[in-house]
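Report on one structure; see the data block that follows.
Hydrogens, waters and symmetry mates are skipped; everything else that's a heavy atom, side chains included, is used. Both counts, for ligands and for their atoms, begin at 1 and track the order of listing. Computed from a prediction, not measured in an experiment: that's the story for all the values here.
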Amino acid sequence: MQERLKELQEEAIQKVEQSSSLKDLNDIRVAYLGKKGPITEVLRGMGKLSAEERPVIGALANEVREAIAAKIEAKQNHLEEAAVLEKLASESIDVTLPGRPVKVGNHHPLTKIIEEIEDLFIGMGYEIAEGPEVEQDYYNFEALNLPKGHPARDMQDSFYITEEILLRTHTSPVQARTMEKNNGKGPIKIICPGKVYRRDNDDATHSHQFMQIEGLVVGENIRMSDLKGTLDVFAKKMFGQDREIRLRPSFFPFTEPSVEMDISCKVCGGHGCNVCKQTGWIEILGAGMVHPNVLEMAGYDSKKYTGFAFGMGPERIAMLKYGVDDIRHFYTNDVRFLKQFSVEE
Ligand SMILES: [Zn+2]
């Protein structure tokens, strides 16, 4: 019986060594170690053995089982490792294949408009100036000739944090801050883009948050004709060389005189249509000569220095330029809307 077990062990180990697949190994395992295998059979015959022989044979049978099982496991590890190496070798990456295109986003239409306007004015020697969106009442109103209780404040109701701190209603406080920083000295040529806030109900043409770009020039001998020439260059660059501009008298507390600028309607060429409400003109922005009070409050001698300022809404410019019919499209982040601006101009 001992010899039979030794024979079985040698036989099984030889087979394991010769096997070349995981399936072969499994067959060997079942054949030798399974319930119907020869070792089990030997153990079954142990009843016929004497009491002295029984433990010896039992121990030997277990030794043989363990030796075969260990050999199978070692061979299995070896085969698995070889399979992985073979897989790696066969799956090398072909670096000459073209890559998958990476999805690239595009600039928001308002960003495009703002950058276009910034570029235009930088080309004319302006600098970009920015300031806080949470602003002091002083810079947002008082320094701009809008003392407390001034009726024009009603047009710019805001969100107040305290009595003295609010969300700015225009980017004009950046003008006041820049003038103050320049300490009564000119010249100043700045463009101030940024977000502003008003207590408005949102609809197709109103939003409680919107963008604004303002411009300010302060220096000696700055005249109304300088303002008009600057706005003419701006209008032709943004809307086309064939556009005419006109200035209409208006009122802003921080400029005197104040004007609204219109551009001629592109659709009807000035004859009147639905787009221009039959007037031939489309309102674009407000402007004017800086009010002497504003200059004086910022520390400028208004006898020596003059200046002009203008302010516009990039949303309105974008709506006119791209034919957008609702201001809310700019803020709802609908990809179907934003994707239309993916072709860089
Ligand atoms: Zn028209």
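- Ion pairing between a basic and an acidic side chain is recognised when a charged N comes within 4.0 Å of a carboxylate O; E283 and R248 show such pairing.
- Taking the charged nitrogens against the carboxylate oxygens, E41 and R4 have no contact shorter than 4.0 Å, which rules out a salt bridge.
- Residue pairs meeting the side-chain hydrogen bond (donor to acceptor under 3.5 Å, both in side chains) criterion with at least one member in residues 174-183, sequence neighbours excluded, are E135-R177, Y139-E180, Q175-E214.
- Aromatic pair F121/F310: ring centres closer than 6.0 Å.
- Each protein N/O/S atom under 2.8 Å from the Zn ion (ligand 1) was counted, for a total of 4.
- Side-chain contact of S264 with E244: a donor-acceptor pair under 3.5 Å is absent, judged by distance alone.
- The environment of CG in D119 is crowded: more than 12 heavy-atom neighbours from other residues, nucleotides or ligands sit within 6.0 Å.
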